[in-house]
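One-based numbering, in listed order, for ligands and for the atoms of each. The residues of the chain are indexed from 1 along the displayed sequence.
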Amino acid sequence: MSVIIRPVQKKDKEKWFQLWSGKEDSYLEFYKALDKVSDETSEYTWSRFFDDTVPIYSIVAEVEGEVIGFANYLTHKNTWTVEDALYLNDLYVSNKNRLKGVGRLLIEEVYKQADALNCNKCYWATSFDNYRAQLLYTKVGVDASKKIYLRPPR
Ligand code: ACO
């Protein structure tokens, strides 16, 4: 399978949205979050990928002209370093294209982008029970052994 990893383009909108928030086989559906992220928010997120003043990015995996996965990431300031840090916010590969190395390719490209953006820290989080993702993450990263806490709902 020949996979191209490249920055998202405006022409990818329909397919990217299908993988982001489609009723089936999408990232928000995987997280049972279709009702938590509004269409307006998704549109806003999409628009910021193309805003040079905002450090939010998306790369996609393309096979035979079809977008089959994405990685969304952002950079932010860090009190411990002069350089920014890069946070991988979202990673998704469509069901039928999993276990073919696409997730790994997307993360490897995120690492390249971290270097290009001069971010010496590159990190992400996943659920304790997302074993499938962890099978990949233990191969391409190291376990930071940290817990994430959230402010309670107001
Ligand atoms: N037994 C053994 N090894 C396994 C198994 C298994 N059952 N399942 C996966 N692996 C290993 C593979 O051997 C492979 O390792 P390799 O590169 O050394 O061969 C690795 O795990 C899988 O790697 P890929 O094929 O590159 O990953 P894939 O393309 O399947 O994508 C992903 C992984 C993105 C997690 C995909 O399953 C997915 O989209 N899941 C749903 C959404 C999700 O969980 N996203 C991540 C949430 S966390 C976040 O967004 C930051």
Side-chain angles (χ1 to χ4, degrees), residues 1-9 12-39 41-49 54-78 81 83-117 119-151:
M1 188 166 76
S2 176
V3 186
I4 297 168
I5 307 291
R6 58 167 176 79
V8 74
Q9 297 173 14
D12 302 321
K13 185 170 184 180
E14 188 180 346
K15 190 60 199 179
W16 187 93
F17 264 82
Q18 201 177 312
L19 294 172
W20 171 253
S21 58
K23 292 268 181 289
E24 290 172 8
D25 192 7
S26 78
Y27 187 71
L28 294 183
E29 184 261 338
F30 175 81
Y31 275 110
K32 299 184 174 45
L34 284 169
D35 58 345
K36 294 192 181 116
V37 181
S38 69
D39 291 348
T41 300
S42 293
E43 285 285 348
Y44 185 50
T45 295
W46 171 261
S47 71
R48 286 186 295 177
F49 296 146
V54 182
I56 295 182
Y57 311 88
S58 184
I59 53 172
V60 296
E62 181 185 312
V63 172
E64 292 170 2
E66 191 192 355
V67 172
I68 57 148
F70 61 71
N72 304 328
Y73 56 95
L74 54 93
T75 62
H76 62 82
K77 303 290 175 214
N78 186 355
T81 57
E83 297 83 11
D84 285 352
L86 185 149
Y87 178 65
L88 170 60
N89 211 135
D90 317 295
L91 178 72
Y92 194 76
V93 175
S94 67
N95 277 314
K96 72 175 197 293
N97 291 293
R98 290 185 191 157
L99 294 179
K100 294 175 183 168
V102 178
R104 176 188 278 266
L105 286 176
L106 283 163
I107 291 184
E108 286 172 352
E109 181 60 26
V110 168
Y111 288 168
K112 281 189 201 155
Q113 294 305 316
D115 292 342
L117 293 163
C119 296
N120 56 3
K121 178 180 177 182
C122 178
Y123 69 108
W124 61 93
T126 197
S127 309
F128 283 109
D129 63 356
N130 193 345
Y131 305 113
R132 191 164 190 170
Q134 287 170 42
L135 283 166
L136 169 62
Y137 297 164
T138 52
K139 290 182 174 172
V140 297
V142 289
D143 185 346
S145 289
K146 293 198 172 171
K147 288 188 179 184
I148 296 176
Y149 289 85
L150 296 171
R151 181 178 178 176

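- Looking at T138, L136, V110, it is L136 that brings a heavy atom closest to atom 20 (C) of ligand 1.
- Aromatic ring centroids of F70 and W16 lie under 6.0 Å apart.
- Considering only non-hydrogen atoms, atom 40 (N) of ligand 1 lies nearest to R98 out of K139, R98, E108.
- A salt bridge does not link K112 to E108: none of the charged side-chain nitrogens sits closer than 4.0 Å to a carboxylate oxygen.
- When heavy-atom distances to ligand 1 are checked against a 4.0 Å cut-off, Y131 has no atom that comes that close, whether in backbone or side chain.
- Residues Y87 and Y123 bring their aromatic ring centres within 6.0 Å.
- Shown here, atom 32 (C) of ligand 1 is out of close reach of the protein: none of its heavy atoms lies under 4.0 Å off.
- Among protein heavy atoms, the minimum distance from atom 46 (C) of ligand 1 is reached at Y137 OH, 3.2 Å.
- For ligand 1, the atoms closer than 4.0 angstrom to any heavy atom of D90 are 50 (O).
- Scanning G103, S127, S94 for the heavy atom closest to atom 28 (P) of ligand 1 points to G103.
- Nearest heavy-atom pair across L34 and G22 is CD2-O, 3.8 Å.
- The six-membered or imidazole ring of W124 lies away from that of Y73, with a centre-to-centre distance of 6.0 Å or more.
- Proximity annotation for atom 24 (P) of ligand 1: of G101, A133, A125, G101 comes nearest, heavy atoms only.
- Summarising the contacts of atom 3 (N) of ligand 1 with V102, L106, L135, the nearest heavy atom is found in L135.
- For atom 39 (O) of ligand 1, the closest non-hydrogen atom of the protein is V93 N, 2.9 Å.
- Under 4.0 Å from ligand 1, the heavy atoms of N130 that appear belong solely to its side chain.
- In summary, the side chains of T41 and S38 do present a donor paired with an acceptor at a separation below 3.5 Å, with no hydrogens or angles considered.
- For N97 and S94, the side-chain atoms include at least one donor-acceptor pair closer than 3.5 Å.
- When W124, Y27, Y31, Y92 are checked for heavy-atom proximity to atom 50 (O) of ligand 1, Y27 turns out nearest.
- Of the protein's non-hydrogen atoms, F30 CE2, 3.7 Å is the one closest to atom 43 (C) of ligand 1.
- For the residue pair D25 / N95, a side-chain donor-acceptor distance below 3.5 Å is found, with atom types taken as modelled.
- Close approach of ligand 1 to K100 (heavy-atom distance below 4.0 Å) involves ligand atoms 25 (O).
- A salt bridge between R6 and E62 is present, with a side-chain N of the basic residue lying under 4.0 Å from a carboxylate O of the acidic one.
- For the pair R98 and Y92, the distance from NZ or CZ to the six-membered ring centre is under 6.0 Å and the angle to the ring normal is within 45 degrees.
- Considering only non-hydrogen protein atoms, atom 26 (O) of ligand 1 sits nearest to R104 N, 2.8 Å.
- In this structure, atom 30 (O) of ligand 1 lies nearest to the protein heavy atom L99 N, 2.8 Å.
- Atom 45 (N) of ligand 1 has L91 O, 2.8 Å as its closest protein atom, hydrogens excluded (heavy atom only).
- R104 and E109 are not joined by a salt bridge, as no carboxylate oxygen comes within less than 4.0 angstrom of a charged side-chain nitrogen.
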